[in-house]
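Working notes for the structure below.
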There are 2 protein chains.
Amino acid sequence: MTRLERGETAKLLRSLRRGDRRALSRAITMVENDEPGADALMASLKGGPGRAFILGVTGPPGTGKSTLVDRLVQKYRGADLKVGVIAVDPSSPITGGALLGDRVRMSDLALDGGAYIRSMASRGWAGGLSRATSRAMRLLDEAGYDLVIVETVGIGQADIDVVGVAHAVLVVLMPGLGDDVQVSKAGLMEVADAYVVNKSDLDGADSMVVDILAMVKATEGRSPPVLKVSALKAEGLDRLAAVVDSFRSRLSSGDEEMKLRSTKGMIVELAKAVALQRLLLGSETRLARLAAAVLKGELSVEEAARKLAG
Amino acid sequence: MTRLERGETAKLLRSLRRGDRRALSRAITMVENDEPGADALMASLKGGPGRAFILGVTGPPGTGKSTLVDRLVQKYRGADLKVGVIAVDPSSPITGGALLGDRVRMSDLALDGGAYIRSMASRGWAGGLSRATSRAMRLLDEAGYDLVIVETVGIGQADIDVVGVAHAVLVVLMPGLGDDVQVSKAGLMEVADAYVVNKSDLDGADSMVVDILAMVKATEGRSPPVLKVSALKAEGLDRLAAVVDSFRSRLSSGDEEMKLRSTKGMIVELAKAVALQRLLLGSETRLARLAAAVLKGELSVEEAARKLAG
């Protein structure tokens, strides 16, 4: 890095810490696009995560996660917290546009300077999105946001990984989703700190709550709360906020387990990106040689893979 | 591995090579669930990929990929080829059920012993699905399938990676998808060997073909064909099959570049799984130590990640 670049990184960080939204956007764009200065920018943030509470929100598509998140933003803005939202779509760059479209409307509502909303979608290589979202959360933290909500559109492995860096995770479901055994298959049970049964005015909400409670009881030691909410009708939000507040106060009272979990999640997501990038870059000749050996029958594909992984 | 297990693996492989569908299903389940015997099973397949032609089919959701694949299966079953299909959903384990539901109907149609259709969804850890699908393709190859179609539901990075192991890739689009610049953003242009504009009876099909041709011409040296198809109405399928046949004959006439591309893709997908698994397993103590150091301010998260990646 040249002296000029170092100077610019320092200037960007100063503006970001002062609360300059354009500097924040610029910094997130740098990490999103993996620009040359991104590594240096992140390296200049000494120490670990700061004081922001990171809330993960995940669950199947169509359960109303965005509306729920919007309600939480309004609620916490009302309490004068600075709230940042990262809406992540690991499944498809194409839906990124639509998501952003919704968000632009919301962000108009919330454009009071204390709310920042950003969509991020997959681009280019596996691991890139995970790293970019982890870094964006860190930047929002650095910019003085009190609450950072990271929301994903689905419940694939990439979605689960993205919310794995949160201090606490809400899993959003809705009545009529069908066999709730799928919740456990999808790996949601391992990450849920609370379940939200959204669209609670629909038939079957109560029985779904009962089902989730039974499932949780049968398979886990811990017992995350199960909340009935209608984000659209603004029902059940006080109880939801109380649960989120209880998580927040655990963090602010220094809960080591919670801090460790989030920090571990961030380290793992960033380390995955390092490992994958190393694999994908700088080994093209080696890969070509290994592939040739496989085609000659000298190596099996599995052996070649182990050699490439080093 | 015990002698008994070795014996069972050998027996399973013999049955699979004889064309026993139950043995094939059992073997794919082993790699899908990452069962203890899966590594040994794959290690006992010496040498590289064999003679199966692997066709990747990807594109945005809703473009009719499944129907198109079903048509290809019928077509090639008519020509008496053994056809295997792996339908992969990296975005969500929840949609796995629905996809499988459709497929069961199709598989009834095709249940003549020469077609094998299997859905695979994400489970458990990043990298697991990529490895499982690569291995399943290899098993279909070993079981004597002439054509293996790997179809994904979306166009996220995971979908692109999954079809990266194919000898050739069809990118399926449809009229009215909107800004086709998104096709290039999504990384589809790098993988497309042919574009299919499906649902060609809808308005805008011709102009979409023109747009794709222009985009391809402007940005790439090579010029993949652009085909108008209506899978539902069985229109344009002969031309599509002719294009697929031209790819197949490139492979059977020993096209080294095509073989290398697929073999490299398989090695990379398997190597990613090795690298990620190494990161996720066996380093819990190390991770906890690194996270503690970050929380004490001795390390930044980024430094800890580089240390964990080793």
Side-chain angles (χ1 to χ4, degrees), chain A residues 39 42-43 45-49 60-61 90-94 97 122-126 128-129 138 154-158 161 178-179 182 185-187 259-260 263-264 266-268 270-276 278-280 287-288 290-292 294-295 297 299-302 304-306 308-309, chain B residues 39 42-43 45-49 60-61 90-94 97 122-126 128-129 134 138 154-158 161 178 182 185-187 259-260 263-264 266-268 270-276 278-280 287-288 290-292 294-295 297 299-302 304-306 308-309:
Chain A
D39 284 348
M42 296 312 296
L45 300 180
K46 295 297 171 197
S91 63
S92 165
I94 290 255
S122 173
R123 50 182 76 192
W125 61 290
L129 182 63
R138 185 78 182 76
I155 51 156
Q157 187 56 46
D161 290 348
D179 192 351
Q182 297 189 311
K185 263 198 207 151
K259 281 202 237 167
L260 267 175
T263 306
K264 281 182 185 175
M266 281 209 184
I267 295 174
V268 167
L270 295 171
K272 275 192 210 166
V274 171
L276 289 177
R278 197 179 290 155
L279 201 69
L280 298 173
L287 175 59
L290 288 168
V294 167
L295 288 174
L299 277 181
S300 74
V301 182
E302 304 266 336
R306 272 194 301 276
L308 186 68
Chain B
D39 284 348
M42 297 312 296
L45 301 179
K46 295 296 169 197
S91 64
S92 165
I94 290 258
S122 172
R123 51 182 75 193
W125 60 289
L129 181 64
S134 285
R138 185 78 182 76
I155 51 156
Q157 188 56 45
D161 290 346
Q182 297 190 310
K185 262 198 209 153
K259 282 202 237 168
L260 267 177
T263 305
K264 280 183 188 173
M266 281 208 184
I267 295 174
V268 168
L270 293 172
K272 275 193 212 165
V274 172
L276 289 178
R278 196 179 291 153
L279 201 69
L280 298 174
L287 175 58
L290 288 167
V294 167
L295 288 174
L299 278 180
S300 74
V301 182
E302 303 265 337
R306 273 195 301 276
L308 185 68

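Chain A is the first sequence line, chain B the second, and so forth, proteins listed ahead of strands; every chain is numbered from 1. This structure is a prediction, so every number in the text was calculated from the model and none was measured. All values below come from the heavy atoms of this structure, side chains included, with hydrogens, waters and symmetry mates left out.
- Across Ala271(A) and Leu279(B), no two heavy atoms sit closer than the pair C-CD2, 3.7 Å.
- Rounding to the nearest 0.5 Å gives a distance of 9.0 Å between CD of Glu302(A) and OG of Ser134(B).
- Annotation: the span from Ile267(A) atom CD1 to Leu308(B) atom CG amounts to 7.0 Å, rounded to 0.5 Å.
- Ala288(A) and Lys264(B) get closest at one heavy-atom pair: CA-CE, 3.8 Å.
- Checking side-chain atoms of Arg278(B) against main-chain N and O of Ala309(A) turns up a donor-acceptor pair under 3.5 Å.
- Between chain A and the options Leu260(B), Asp39(B), Leu290(B), heavy-atom pairs under 4.5 Å are most frequent for Leu260(B).
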